[in-house]
Every structure is written in structure tokens, then in C-alpha cells.
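So that the names make sense, note that chain A is the first sequence line, chain B the second, and so on, each numbered from 1.
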Amino acid sequence: MWNNDQKKAIKHMEGPLLIVAGAGSGKTKVVTNRIAHLIDEGIPSTDILGLTFTNKAAKEMRDRVEELTKEDVFISTFHSLGAKILRESIYKIEYKTNFSIFDEEDSLRLLKSCFRSLKKEEKYLKYVKAKISQSKNNLISYENINKDSLISKKDFIFLEIYPFYQKKLKECNAVDFDDLLFLTALLLEKKELRETYQKRWSFILIDEYQDTNFSQYTMAKILSEKHKNIFVVGDPDQSIYSWRGARYENILEFDKDFKNCSIIKLEQNYRSSQNILLASNSLIEHNQNRYKKNLFSYLDEGEKVKIFIAEDEKLECDFVIKKILEQDKERAIFYRTNAQSRIFEDILIKKKIPYIIYGSISFYQRKEIKDILAFLNLIISDDDFISFSRTINLPKRGIGKTTLLKFLELKEKNNLSLFSLCQKILKEKNLIKITKKQKESFSEYLSLIFRLRDFYEKNKHIDEIILYFLKNSDYLDYLKEDPDTYEERKENIDELIKKAATFEGDLYKFFEEITLLTTNEVSEKKYSLKLMTIHNSKGLEFDEVFIVGMDEGLFPHENCKDEIEEERRLCYVGMTRAKKKLYLTCSLKRFLHGKERIARPSRFLKEISKKYVENLSEREIRNSFYVEDRVFHKTFGIGVVKRVYNTFYGDTYDVFFEEENQIRSLIAKYAKLEKY
DNA sequence: ATATAACGTCTTTTT
DNA sequence: GACGTTATAT
Ligand SMILES: Nc1ncnc2c1ncn2[C@@H]1O[C@H](COP(=O)(O)OP(=O)(O)OP(=O)(O)O)[C@@H](O)[C@H]1O
């Protein structure tokens, strides 16, 4: 059943191998089976390292390998691998090995407090955050920044904040997501460690290689430098993470890094019907910057790709739901942005159709969960300002921004740990200006933390610590203040307790797992309908796929105008997930910033070759104006489109201008008409 | 100095 | 339509 190229890849033993292959050609399947083959050939499973980009992909591969071989192979994300290496060796760069991992929210809070401490304008927060992340992804530490190119005001702020932020992270005994790669790569550059880890895994396999960024690339390169048994698979057309530093060039330059590598191409698609595959190919061919591929399928022709142009969002949604109700199948709805899931959720709940959402806010990012974890974190950490500032005012104790800032300044001056300072404040009088009430509740808070610590000394069962916390604090009462959400939050807390009760490992491990695990497999039951962003759909496949919200401006997204090819790749990824049926929908009106606005079909709909498409709506697939659209022209004023037709010059409109009371013919390319 | 209510603002995508 | 910021009351 394998084709020859697949066979060659699976049987490959030593030396570097690159597989470049299109969607649905069996890349992931080949990686999995090659691992099984290595084990069959007598390679110890502990010598093998498999790397993926999402926890879900890692778990899936682990499960499939276990099915095939009954062995437990270390398959993880780059980030989890980083966490593992850092736990063992981070002390070499003066961190403690029991560090905690800050998620996106925590690091943003910390960065914000850095801005406040250094009195910087917070409007640059986002810029600096991106800049720090970018630097770490490119393995540039704050000592090594090339200052010459940084001349703007926001860059000066970045220059000041980056080292400060890094120092504060260390003070909190924490690393952020980017550090998991950045610090790991730095560690691996140290000779003695490098040699240790190079011996640890003698066969390395990487899936979705087109999405490696520089730090991941460096990790992979160093780890396999000695034995050169590196096996990577990827598809440049599916590179969709350039915004977080991914370079698909890594795949094209693989043969430079690993001389004499073997290269295998897989060109047969085993997933999609002819129509779906050819439609997808016809779209991706619009990318200029790309190597041509010859991807084919022997599967049935199947149905044409269905395009539906709805008059408004509600009708778009109704269309999808109606199709879903027709029969029970393995289905998914994809969208460009998380916010788009809302309308669908509303209807699905109303119609009692079971569904599951991937991504967006994961279980562990919910407020109530993070609050409790922050309290627990204070048991084992003495200087985590983020957990402290998160919990100090829960429930409200009248300690806000200003007091916290003063607190921080005092801490800086006295060079004390957080809790030493707390005790000092309670003992000595006029250290800090606080009211009697504030002081009382502050003391209450501290005593809660110390009681938790005492309890932890005697009892390390995480579920029991949480129960003890709930019993001894007013946290639940605080949640009851919002009765609408209380029930749900309480249920989530119960879920957390359940998780804690069955968890094997200490509190540190518990935190690590929870921070790195963004998806909660808790609810992974047999839901046939799945909702997710297209980014989240990578690597998956479904019988029927709906890609919704295909409006110009939403997909391709307004903010990605200069990354149009990546948007197109994203669309390609989404389309190629479908096995049997593919629906692409858009709406002519869309709610944006609280107002309903006119929207137009995405250019991608137009770019797909008509041969493979069936339009289910009355409307033509056009991403310009329709008859009766109101438009604005800067000389002629406001008008109404009366006729749309094609001339030698392309799309042409007859527009009736109110002011002049006459019709003018305008050529789309030249007349700069705007929607009005 | 904090808590709350009203106001204005701008939305990508993830580990 | 969520979010953060600012004005106002406490
Ligand atoms: N030789 C084969 N015979 C039959 N089915 C196959 C064969 N190879 C792969 N497949 C099937 O094709 C589908 C796609 O495989 P897989 O997910 O591994 O592809 P992929 O290249 O990783 O896809 P993508 O890059 O689009 O995520 C799977 O359902 C797989 O079982």
C-alpha cells in the first residue's frame, strides 16, 4: 500500500533526509512509520526524538507509534523539549531548576509592570513585546543587540525594557514561552552540554519543518550535528507561522546545513477528491514566490467545491447549520479569527448540536483557574511578583495599582524578596502609606499564604491543597459576586481538582504541564463537529470542511496585506484538510467594531479555477462591487452602481451619481471607487 | 487611593 | 463586542 517514495523514506536508516511533499501526501504517516521501523530494526526507543509543533500533534503521533510498536517514544513539541532540557541544565546559566513557565498572559502582566516601573508609555507595550519575542526567536540576547539600527523612540524603549524584563523574569524565577527555545539554544551552544545532549538522542525526526524559526532550527541543528541522523518533513506551501519567526527557507536550505542529504519528494495525495485537490492547487499557483509542485490524486473526482455567498452573517451561518443537519459526518468549521466562532456557537447551542472548539481560551487560561494556580504558586515561590499582584486583591482588599507600584519601588530599594518585604511592612510602621483597613486585610492575605505553606509541608496532594485553599479563603464568595458566571466557574474549579487528584508528579510538574498544555483533552469525546481557526487545523483531516468568513479584509485579513502569500497558503492549508466535501462561504455584510458593514467575497474565491467550483448562490463570485452598491468617487461624489460588465479594460461599472443626476461608465482599475 | 461606570478603541494567527 | 482607559463617586 505504500508507494515507492514512501517506502524509501520509511526504510531510511542513517544520515540526513529531507522530505518535501505536498498536502495529504502522507508525511506525518511516514514519520510515524519510520519511527516504528527504527524500533523494528533494533534501535532502542529511548534513542529516538520526535518533534512537532503542537501538543495535539505530538500526542497523536505518540499514540500511533505506541499502537504500532507498543513502545513509549519521546515525542514532544519544541517547547516541551526546551522545558525538559532547561529543568535539567538551566543552573548552568544561573537560573534555578524549579523555575516556573509564564504563559502569554503572565508575561504580558510582567512586561506591563516593567513599563510602569520605568515610567514608559504603555502604548508601546505591544511593539516591545513583539520585539523582545522576535529577538529571542533569533537568539539575540540583550547584550548582543545591534543598536545602530535602532533609532526611533519605541526602539529606545525596547532597548531599556528588554534587559529589565529579563531581569524581572529571573527574579520571579520564571521563563517565558520564547525562553523555552531561546535559553535552550543558548545552553546547547555550551560545549559540554552540547555533547551530552548530542549523545542523548541518536535519531531525530521533525514534522512540519517549514514552520521552524531560527531558535528551533538551531536546536535541531545542534542536536543532530554529531550523528547527522536528522529526518525532516515539510511543505513550503503550508508555512503559516512566519509572523512568529518561522522561515520556510529552512527547508530549502536543508541541503546546505547537511551536505549529502537525501531528498525525497512525495507527490501523490491520498486525502482529497480530485476536485478539492485541483481547486486547492489552482489557488496556491497564484503565489509568485514558490516552487512548482506536481501533486496528484487517484481518488474519485468527487463533488465540486461549493461556494456560498450569503446576504448577511446570519444567513451564512444558517446555510452551514442546514448542511450539517443533513447527515451525521466527520466535520469541521474553520475560520480566520477566533472571534468568528461566536455566531456559530450561539446557534449550535440553541439547536442543541454537540460541538467542540479547539484553541481560543483554553481551560487553563480561564480566570478562576489562573487565580487558584497563582495562589498555589505562592506556596513554592517566594518572589513571584506576578502571582502576588494577581492574588493580592482577591477578594478586593483595597490594594490597587498605586500601592503595588509603591510596593515595587520599596522592594527595589531594599533589595528584599517579596515575602520578606511583606513581613517587614507589617512589623514596621511607616514604611509604606496604607490605611488601617488595607493593613488588616493585607495581614489576612499573608496569613492565608503561610497557612497554605504549612499545609503543603504536611500534605503534597495537589487536590487537597486546592480544597484547603477554597475552605480557608473567601475566594468562592468572591466568585459568587457575579452570579451569572459562578456556576460555570465552580464547575471549572471542580474539573481542576479532578485533574489534580489524578495527576502524577509534584506541584512544579503540575504547573509545567498546565502551562504547556493549551488544549484540554478533557472534553475529547465523540463530537462530530469541530470548530477551529485554520491555523489549528494544520495536520488534521475531515470528511467535510467549511471555511467560513471568506470576505476580503477578513480573509485575507486586513492587517496582513503585505503577507498576502502567507494568507493564501493559509487558505490552501484549510482547503486541503477536506477529504470529500469542501464548502467556502462568505457574507455580504459583516459586523465589525459593533457596526454592520458591507463586505465583499475574498479574492481567494475568485482565484480558484472555476472548473472545480459550484456556486450555490445567485451572486456572482466577484470581489468588487455589485449592482445597487452605494459608492463614493472623489470627483463625482456619491453614486449607485447600476450595471457591472466586462470590457477590454476589465471590470467596468455604470454608476449613477446623485449630485450630477447622470450615469457615468467607470473602469474598475482606474476609477478609485470606495464603498459608501 | 480605590472602585465603578461610562467611554472610546480597535481586533490575526500560537507555543 | 471585548477591552482598556478615563471620569466620577466613594
Ligand atoms: N500509501 C498510502 N495509502 C493510503 N493512504 C495513505 C497512504 N499514505 C498516506 N495515506 C493517507 O493520507 C492521508 C494524509 O496523510 P498525512 O496526514 O500523513 O499527510 P501529510 O502529508 O502529513 O498531510 P498534511 O501535510 O496535509 O498535513 C491520511 O489519511 C493517510 O492515512
Side-chain angles (χ1 to χ4, degrees), chain A residues 51-58 76-83 101-108 112 121-123 125-126 130 133 136-137 175-182 184 208 211-213 215-216 239-246 313 334-343 346 358-362 364-365 392-393 395-407 432-435 437-438 441 481 512 514-519 532-538 549 553-563 566-567 569-571 573-574 590-597:
Chain A
L51 289 170
T52 63
F53 281 82
T54 64
N55 296 296
K56 198 154 166 286
S76 84
T77 61
F78 274 96
H79 287 84
S80 303
L81 172 67
I101 300 167
F102 273 5
D103 69 7
E104 214 51 28
E105 191 196 347
D106 299 329
S107 21
L108 194 66
K112 213 174 203 168
E121 288 171 82
E122 285 180 36
K123 67 173 170 185
L125 203 66
K126 255 218 216 115
S133 176
K136 288 183 179 180
N137 283 158
V175 303
D176 66 16
F177 274 140
D178 294 320
D179 282 338
L180 291 175
L181 309 174
F182 171 64
T184 305
E208 311 277 15
D211 281 322
T212 42
N213 63 29
S215 54
Q216 292 164 327
S239 162
I240 54 177
Y241 284 104
S242 75
W243 50 274
R244 75 176 198 208
E313 280 180 299
F334 301 160
Y335 33 78
R336 175 68 237 266
T337 67
N338 283 308
Q340 288 169 258
S341 68
R342 235 197 115 82
I343 335 166
D346 287 349
Y358 286 99
S360 68
I361 295 167
S362 90
Y364 301 113
Q365 288 169 339
I392 181 72
N393 219 16
K396 301 227 171 347
R397 291 185 176 79
I399 297 169
K401 260 206 307 229
T402 327
T403 317
L404 270 177
L405 192 61
K406 267 199 251 163
F407 192 92
I432 198 166
K433 248 205 285 181
I434 51 175
T435 62
K437 249 212 184 107
Q438 279 179 320
S441 54
E481 282 171 24
E512 175 171 325
I514 278 176
T515 330
L516 289 179
L517 226 71
T518 42
T519 45
M532 65 190 85
T533 61
I534 310 177
H535 281 90
N536 263 317
S537 78
K538 198 163 72 158
L554 189 55
F555 190 29
H557 199 278
E558 196 64 41
N559 300 359
C560 302
K561 283 205 184 101
D562 29 330
E563 288 287 359
E566 177 149 320
E567 293 285 292
R569 290 196 292 269
L570 188 59
C571 188
V573 168
R590 188 146 322 257
F591 267 96
L592 212 70
H593 324 295
K595 255 213 181 85
E596 190 166 58
R597 283 152 200 270

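Applying the side-chain hydrogen bond (donor to acceptor under 3.5 Å, both in side chains) criterion to A:E105, with sequence neighbours excluded, gives A:R109, A:R390. Partners of A:N137 according to the side-chain hydrogen bond (donor to acceptor under 3.5 Å, both in side chains) rule, which considers only residues two or more places apart in sequence or in another chain, do not exist here.
What separates CG of A:L81 from C1' of B:dT15 is a distance of 13 Å, to the nearest Å. Whole-Å rounding puts the A:K56 NZ to B:dT15 C1' distance at 15 Å. When rounded to the nearest whole Å, the span between CD of A:Q365 and C1' of B:dT14 equals 10 Å. Rounded to an integer number of Å, the gap from CD1 of A:I534 to C1' of B:dT14 is 14 Å. Rounded to whole Å, atom P of B:dT13 lies 11 Å from atom CD of A:E567. Nucleotide B:dT13 holds its C1' atom 15 Å from the CZ atom of A:F53, rounded to whole Å. One interatomic measurement links the two molecules: NZ of A:K538 to C1' of B:dT14, which rounds to 11 Å at whole-angstrom precision. Whole-Å rounding puts the A:W243 CH2 to B:dT14 P distance at 6 Å.
Nearest nucleotide to the A:C560 side chain, out of C:dT5, B:dT12, B:dT15: B:dT12. Closest to the side chain of A:N559, from the set B:dT12, B:dT15, C:dT5, is B:dT12. The A:E122 side chain lies nearest to C:dT5 when the options are C:dT5, B:dT15, B:dT13. If you check C:dT5, B:dT15, B:dT13 against the side chain of A:R244, the one that comes closest is B:dT15. Among C:dA2, B:dT15, B:dT14, the nucleotide with an atom closest to any side-chain atom of A:R342 is C:dA2. Distance from the side chain of A:T337 is smallest for B:dT13 among the nucleotides B:dT15, C:dT5, B:dT13.
Remark: the backbone N or O of A:F78 is not paired with any side-chain donor or acceptor of A:Q216 at under 3.5 angstrom.
Taking the 5.5 Å centre cut-off and the 30° plane limit, the aromatic side chain of A:Y241 is not classed as stacked on B:dT14.
Put simply, NE2 on A:H557 and CG on A:L570 are 11.5 Å apart, with the number rounded to the nearest 0.5 Å. Separation of atoms NE2 (A:H535) and CZ (A:R244) is listed at 8.5 Å; rounding is to 0.5 Å. Here the CD1 atom belonging to A:I534 is positioned 7.5 Å from the CZ atom belonging to A:F334, to the nearest 0.5 angstrom.
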Polar atoms only, N or O, under 3.5 Å: list the protein pairs with nucleotides 3-6 of chain B and their distances.
residue	atom	partner	partner atom	Å
B:dA3	OP1	A:G398	N	3.3

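Taking the C1' atoms as reference points, C:dT5 lies 23 Å from B:dT12, given to the whole Å.
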Exercise for the section: Go through the steps for A:W243 and A:E563 under the test side-chain contact (heavy atoms from CB on, under 4.5 Å), then give the verdict. Expected result: CA-CA 9 Å; A:W243 50 274; A:E563 288 287 359; over 6 Å; no
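In terms of polar N and O atoms assigned as donor or acceptor, the side chain of A:H557 never comes within less than 3.5 Å of the base of B:dT12 in a complementary pairing.
Under 4.0 angstrom from either OP1 or OP2 of B:dT15 there lies no side-chain N or O belonging to A:N55.
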